[in-house]
Amino acid sequence: MGEIDFNNPKYYTNRELSWILFDHRILDEARDKNIPLFERLKFLSITASNLDEFFMIRVASLKDMVNAKYAKTDISGMTAGEQLAALDVAIHDLVELQYSTYNRSLVPKLAAGGLQIIRHHEDLTKEEGAFVDHYFHENVYPVLTPMAVDSSRPFPLVRNKTLNIAALVQKKKEKGELEFAMVQVPGVLNRIVELPVREGTEGNKARAGAVRKIILLEEIIERNIDKLFLNYTIVCAHPFRVMRNADLTIEEEEAADLLKEIEKQLKKRQWGEAIRLEVEAGMDKRLLQILEEAMHLEEQNLYKIDGPLDLTVLMKLYGMEGFEHLKAARYVPQPVPELPGGCDLFEEIRKGDILLHHPYQTFEPVVDFIRQAARDSEVLAIKQTLYRVSGNSPIIAALAQAAENGKQVTVLVELKARFDEEHNIVWAKMLEKAGCHVIYGLVGLKTHSKITLVVRREEDGIRRYVHLGTGNYNDATAKLYTDVGLMTCSEDIGEDATAVFNMLSGYSEPLVWNKLALAPLWLKDRFLYLIERERKYALEGRPARIIAKMNSLCDRDMIAALYKASAAGVKIDLIVRGVCSLKVGIKGVSENITVRSIVGNFLEHSRIFYFENAEHYEIYCGSADWMPRNLERRVEILFPVDRPELKEKLLHILESQLADNAKASLLTADGTYEKVNRRGKPRYGSQAAFCEEAVAAAREAFRENGGETRVFIPEMHHE
């Protein structure tokens with residue numbers, strides 16, 4: 001055999017088509033009869049919101065390439081045009097499966113479980129119709145803005161992602177030609193409207209066995225649309241929704257003020273090029289033609305929907321009270337045994353590095369780290385990178401408090417965090433007002449790293465405390481995303497952390513790094529070195545193994561290095577939640593590689609990397625996936641975990657996920673994913689196991705503390 005070309009496009013899967021398979025894996029959860037009914041609704045809602053973002057960013061980007069006559073192929077050898085053609089088929093199939101899941105499986109089961117969705121307003125009883133009409137008059141009518149199109153009024157601008165009702169109308173007296181009219185379904189009103197239950201029930205708390213009924217707002221508006229166009233006969237009325245290109249293009253070199261430039265671009269996102277039109281199946285052809293022409297869309301961009309448009313509404317349905325028996329039991333993140341409530345965090349970190357595993361363990365210590373630093377008279381400086389934070393972030397409040405208390409506070413707020421730009425602009429301005437030094441990211445790079453540095457004056461001199469994580473400083477998503485974090489006062493990491501912030505604020509590059517590896521300059525080379533080291537050990541007949549857990553894998557250099565290592569005999573197990581461009585089972589190339597994806601109640605988000613290193617294993621965590629954007633166009637951090645008992649904990653996380661036979665799917669040689677075959681083994685779900693382990697560890701710590709309830713008491717400060 002000749003030399004194998006590990007870069008051959010036939011060895012790679014297109015990134016976008018791989019993403020569609022990921023959304024299918026989430027859809028599989030919505031179709032799983034073993035999962036509580038309302039959890040299935042939630043998963044279906046997630047597939048819809050994922051698809052919206054995919055259109056606005058990925059499909060939009062491919063369309064831009066086609067419009068720019070960009071002919072370069074991707075790693076799988078496909079042009080942008082070929083990718084769009086393949087996606088057209090794949091997405092239509094996905095949408096069809098979404099709605100057959102909704103119509104054939106979930107809606108009948110909801111009705112059996114006591115919740116009936118009235119699909120058409122024509123199906124309302126006389127009493128229900130009267131209630132709906134009254135509701136329209138009192139709550140909806142005053143908010144609506146009906147719009148007509150004629151020679152004096154051009155076709156209205158339809159905002160991105162809004163739900164609208166289009167109608168053909170005809171003047172009553174003249175019986176003239178048909179005219180187009182529309183009204184936006186207001187996003188400020190609840191889209192789910194519950195109908196009053198029959199007598200014999202108290203309020204809307206139906207007695208056991210009684211069926212609760214809901215109807216969607218667009219049906220109520222459609223039923224009463226004649227009240228908006230009084231001099232017209234309504235010929236037909238149907239809902240529609242348009243998706244637009246929302247990919248921001250910022251010429252950063254030209255943008256004198258990044259803040260103003262992003263604010264300007266955000267407004268454009270509402271009016272970008274239309275890339276998808278969703279309409280109710282059975283829409284009048286004349287009406288459909290008007291919409292297609294107005295949006296400049298072709299047939300393949302059209303989605304005729306058999307059911308409610310925009311299934312993200314199912315998340316609101318999930319939030320309805322009274323159906324707790326149809327939901328999974330809510331998990332409460334547990335206390336961290338090493339950090340009992342009310343403890344001095346700095347004192348505990350000095351005893352040794354601490355590993356946090358969210359959401360199994362609470363995110364509260366990370367928030368307390370900033371809070372205690374803000375109040376501690378010995379703390380001189382706090383430095384932190386922020387990518388996505390929650391709506392009412394306690395971390396932002398603590399940073400502002402620290403600045404007001406006279407600390408040196410430096411915060412890098414990444415303005416280019418997609419779909420959080422607006423949010424981050426508000427926080428950045430607020431932090432500046434409080435006296436923080438705010439850095440708005442770096443030109444040409446996104447800062448995606450998760451690092452906090454606290455500089456503290458102590459008896460033996462200055463000491464640096466550092467938190468490093470795989471996830472955002474977001475207390476809300478920390479309850480839903482699986483991530484790990486490290487709290488340390490290691491001198492080597494402290495020195496590196498100072499160098500990171502000096503680099504971010506003043507572009508001074510350190511001569512040498514002690515422990516950390518950073519993208520875009522050093523990280524990729526570090527990974528390639530670690531993979532190559534395993535390959536050499538395998539060739540020498542020494543133990544060689546790689547386990548890598550991440551969200552996405554589509555960097556050609558990383559995949560080629562894995563292929564090369566596999567060909568040399570390295571055993572490679574990959575845990576990749578989403579996109580995976582690597583193919584398994586190719587003879588002589590990837591026979592030693594397995595890929596699994598875990599989709600469960602929590603979103604798998606941690607990045608953990610294990611290298612056997614001839615029986616002296618090393619383990620790293622970081623903020624970066626193995627994608628070109630993370631490795632080459634972002635500031636990312638990879639950090640080693642050196643303390644033996646913490647390394648064991650991380651290895652346990654990886655081994656548990658490799659043993660998962662409840663929520664894991666395996667990538668097959670034909671490019672599809674299949675649920676792991678249990679072959680008579682007991683059912684084992686890693687996420688459920690981590691929940692149980694965290695509860696047991698917290699109980700054990702509680703007992704060791706002499707059963708003192710202070711573990712569960714909120715921290716109280718008397719100043």
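Note that the numbering runs from 1 along the sequence shown for the chain.
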Tell me if a side-chain donor or acceptor on [X] pairs with a main-chain N or O of [Y] at a distance below 3.5 Å.
X	Y	value
Ser18	Cys580	yes
His120	Glu219	no
Arg577	Glu604	yes
Arg191	Glu218	no
Glu128	Thr125	yes

Anything under 3.5 Å between a donor and an acceptor, one on a side chain of residues 225-239, the other on a protein residue two or more places apart or in another chain? List them.
unit_1 : atom_1 : unit_2 : atom_2 : d
Lys227 : NZ     : Asn224 : OD1    : 2.5
His238 : ND1    : Glu280 : OE1    : 2.8

[X] [atom1]: over 12 foreign heavy atoms closer than 6.0 Å:
X	atom1	value
Asn67	CG	yes
Tyr141	OH	no
Glu324	CD	yes
Gln289	CD	no
Tyr481	OH	no
His137	NE2	no
Asn190	CG	no
Lys327	NZ	yes

Among Arg276, Glu273, Arg244, whose side-chain contact (heavy atoms from CB on, under 4.5 Å) with Met295 holds? Arg244
Could you check whether Ser665 and Arg25, counting side-chain N and O atoms only, form a donor-acceptor pair closer than 3.5 Å? no
Going by distance alone, is a donor N or O of one side chain under 3.5 Å from an acceptor N or O of the other, for Ser105 and Thr101? no
Measure up the Phe323 and Phe38 rings against each other and bin them: parallel (under 30°), tilted (30 to 60°), perpendicular (over 60°). parallel
Shortest non-hydrogen contact between [X] and [Y], atoms and distance:
X	Y	value
Leu216	Pro308	CD1-CB, 3.5 Å
Met56	Asn245	O-OD1, 3.8 Å
Leu309	Glu278	CD1-O, 3.6 Å
Leu311	Ala48	CB-CB, 3.8 Å

Please, which pairs that meet salt bridge (Lys or Arg N to Asp or Glu O under 4.0 Å) have at least one residue in residues 290-307, sequence neighbours excluded? Arg119-Asp306
Residues two or more places apart in sequence or in another chain: which of them pass ring pair (Phe, Tyr, Trp, His ring centres under 6.0 Å) with Tyr70? none
Arg223 to Phe136 six-membered ring, cation-pi geometry met (6.0 Å, 45°): no
